[in-house]
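A note on names: the letters A, B, ... follow the listed sequences, proteins ahead of strands, and every chain is numbered from 1.
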Amino acid sequence: MFSLGTLAVAAALAVVGHDARTLAPGLAAGTPGVAPDPVPGVALDLAIGATAATTAEVASDVATGALWVLIASHAVLLIAGLIAPWAGAATLRITTGIGAFLYLAGLVAMVLPEFMRGGLEVQPSFESQSGLADISGLADPSGSRVPWIMTAAAAAIVAGLVSQGLVAAAVVLIASFAATLTLRLLAGELSLTTIVNDGGALMTGVIVGVIGALVIGLGRTLDERARELLTATERSSAARGRLAARRSTEALTHDEVLATLAFAGSGLPVPRDRIATQAAHALQLIDQHTSGEAWGEARAAEAVKIVVEDATRLAPHAHIRSTTPPEHARDIPGVALAALRTAAQQALTNSLTHAAPDAHREVTIDSSPQGMRVIVRDSGPGFDPAAIDERRLGLRTSIVQRMLAVGGSAHVKSSVPGGTSVRLEWGSQPSQPAPGQPAAHLTAQTDLAKLYGFGVAAIALTFVCTQLAAAGWAASITAHWWAPLAVVFLYFVASEILRFSPEPKPGPRRSAVTLAVIGVAVALASWAAPFSFGEQWFMTTAAFVLTTFAFRERIAVSVIAGAVLVAWIVALGTLHGQHLGQIALVAARPVIVLSLTAGLALAVAALQRRVTALNVLTAAEHEQASWAAASLDELTVRGSELRDLVRPVLEQLADAGDAEVSDDGAGGDVGGGVGGGGGHADIGGISAVLRSECLALEGRLRDQIRAGRLGEPPLAEAVRDARARGVDVVLLDDREAELPVDTDWVSVLEELANRVRQARQRVHVRLLPEGREELVTCVVDDS
Amino acid sequence: MQEPAAKAPARVAVVDDHDLVALALQALFAGTADLAFARHTTTVEALLAAPHDFDLVLLDLQLRDFSTPTRNVELLTRWRLPVLVLTAGENPYLVREASRTEALGILRKSAPSDTLLAAIRAAVKGEQVASAEWASALDTDPLLDAAKLTPREREVLELYASGVGAKEVAQRLFISEHTVIDHLRQIRKAYQRLGRPAHTKVELYQRGVEDGYVPGPRRD
């Protein structure tokens, strides 16, 4: 008979489970960026209030001391519910612990005196003033006042759960049951009715406890996962930031070095000391690049100011809004800021080009503890993103790509005609994997499996014990003694059919068979037994079996079957000429049990979905972090290779010591300096040998970017030799796709190498895009 | 000896991050009679702020002030200044972006000096400069289909992208060099039309693609 309280608690749990924050939102307090949610606390308070009120109504005649203790325990739990959103985990645990403890004390205070006295005065048949107690099931058909204990237990069970977990909840439950049983024995009123009633209450208590524990556990897991995700995201964005930094400095260094080598080798009469300065500068960049310096960070406020300035310069007529960064706003790495700036400028330039210059244009710049965000919006004609076919693209550095490379994101929304909005973000939000990166794998949700297994076992055990006791007792007093046993057996069969389902979610055929078996059992029992509360024990049992469907994701089945069952009860009762109150008594528990489990199962499912989603995101972040780390390693290796390759030549260039600026070098055979190979004289103090080394190196660096597959061995050596001879060699790999399957690439390269060896002035080799008639073209000298 | 009045040399300005480039070009022009070095700045804005005493601008494709080629060329062409783009690294995307602007051509800095000079001289006259880099970037642009080139034009483009010079292209296709140059001009116009504001839905979708809103497949 703890139906109303149970229902209220169940409602609370369901509400709570629906939201990400759980029964104990205080447990999540302290997670950055998570706002405390008062809803669960309020729901819990409603539950506690309901039980307290009804308890008070019924128990007004009990020993005052015990009652006051019990009221005190309720009061404490109410407070716990109120402070839940803001209290820390420890506080909440302590408060609920006190409440549960007081409850237990109250129980003892109630039972002990009776125990000592050696017997209860049996109260006359209890008739509630309002009849409410009747319907709510609070009134015990046997007229005892004992049952309301289990009502009060609902809140205490949940309190035990929150405080110490499933064990404490079990303690409260068992204590309540023991107290009830003791009092019943002392009053000498043990009967089928009381067994069915108390057994049912115990069952419901166990189910609430288990599911409650599951909900709380899942909620905690959710919080943990959210924190993990945050950490993983931070790590991965840091890794990607480093990678981006590396990439950008590599690009700069490349550029710098290429320029130096190109002009040093060109034979143009540039003053030697200028070349030396340039070479020294390039060397410095290389060292910085390899050592990882110069990847500084910008303070949030500075970053915001810079972007605002960029925007104002570019689009003076746009509405530019920025918010002052809060105190703990995140610093942004130099490269991320650079990427953000370029992407923002690109977006703004696009907007200026495609929307009319006087279209409504808005730029919003924000900085927060999570990171930085820039939104560029306009009311221009817009475009249709859905019409874009990704396969047709060979763009290398798009706005999105640029942001992804530094660990940020870019979201573009546009409609025709609706205008365009570009949102650029960098920070610790989980980001999408960049194209080309491995996709995340779904991780199985195996948390709480043990708890679930244990819970299911506990429920099963309680079920078997209580229902066997009820059936046994019924068999001893019923005319058709075999009927209850047969019914129990049928229920057992039904449960086993469900249990042996190969998948967690039983198939339609299996479900149908199970339902049929249950139906047969109910029909048999209905025929065999009179319509009294105790004798209708099997209705509740049927309800418990149906809850299995809810546990196994067939919530609709359990609810519908339950409705059918209730309808059957009503019909049966009416047939037997029972009055509404009696029918309600029988129907009450099945209704409560089924709605409770359905609601909680939904809550659990919702929570599990969220946990899985977080798992996926976290896995994605971990993958990204390792991808970034791997790319970083690769780049580092390339960086050192570059340095080793380029250093000697640059050092020679930088060393202007023995250079003699010869007069006839300047203004001499400039026009004839065809790639520096034509003249063999020292020009500008750079020997012909050094010049040709410079050109060879420059070509090789260019190849690193553009040669692709053409940079492979048989050809590479020939190219190197040709460049040493002063030939201008250009290698272009313009083919994005794989080579055709039957290509003998080595032979192709060898043939090309031959031609290169014969070249005297220039060679241009090009690997054509797919779909062309030829695979490779090779133009030597002018033929 | 009486010489016909020499035409004043064309003045060339350079926008580039590196001093060395400017110096080298200065040295390059020193050996010519028809080209003179005007000035060097590291940003387009700085160049425009100075007196406009030059006839051609050599613009580095990738400047470090976070400016885009499109914007830079646009700023310059607004003042009716012819622009020739120079690149060290040949990033195809950027080259394509530059190809869609009003710039007269794109050259690599490490091209042989005579190639550079010929290109600059052509650009001073306002002629388009077609280079292998430019052609290659266009040829690999999947959007080129939308530019609706004739098969002959595509042939010319492909040959150019392979490094064949105008004369040889003419020989191979049995047409005159003049025709080849015409084709190149057509190609350029058609491609630049891709850079104009869109009026239809198809063009709008191209816009989205070009503007870099969708990441493409990467080879690295």
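- Proximity to chain B (any heavy atom under 4.5 Å) is restricted, for A/L768, to the side chain, taken from C-beta onward.
- The environment of B/R154 atom CZ is dense: over 12 non-hydrogen atoms of other residues, nucleotides or ligands sit within 6.0 angstrom.
- A/T260 approaches B/L20 most closely through the heavy-atom pair CA-CD2, 3.7 Å.
- In this structure the side chain of B/R71 reaches within 4.5 angstrom of the side chain of A/L314, judged on heavy atoms.
- Around CZ of B/R78, the count of heavy atoms belonging to other residues, nucleotides or ligands within 6.0 Å exceeds 12.
- Note that the CG atom of A/L261 and the NZ atom of B/K109 stand 12.5 Å from one another [nearest 0.5 Å].
- In this structure, B/S136 OG and A/H764 NE2 are separated by 7.0 Å, a value rounded to the nearest 0.5 Å.
- A/R762 contributes a side-chain N or O that, together with a main-chain N or O of B/G163, makes up a donor-acceptor pair within less than 3.5 Å.
- Interface remark: B/A111 contributes no atoms to any contact with chain A (heavy atom separation under 4.5 Å).
- Using a 4.5 Å heavy-atom cutoff, the side chains of B/D139 and A/R766 are in contact.
- Contact record, B/P112 with A/D728: CD-OD2, 3.8 Å, taken as the closest heavy-atom pair.
- A/Q278 contributes atom CD, which lies 7.5 Å from atom CG of B/D19 (distance to the nearest 0.5 angstrom).
- Within the 4.5 Å cutoff, no side-chain heavy atoms of A/T777 are placed close to those of B/E158.
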B/R108 and A/V730: CA distance, side-chain angles, deciding distance, side-chain contact (heavy atoms from CB on, under 4.5 Å) verdict: CA-CA 11 Å; B/R108 72 184 151 95; A/V730 174; 3.0 Å; yes
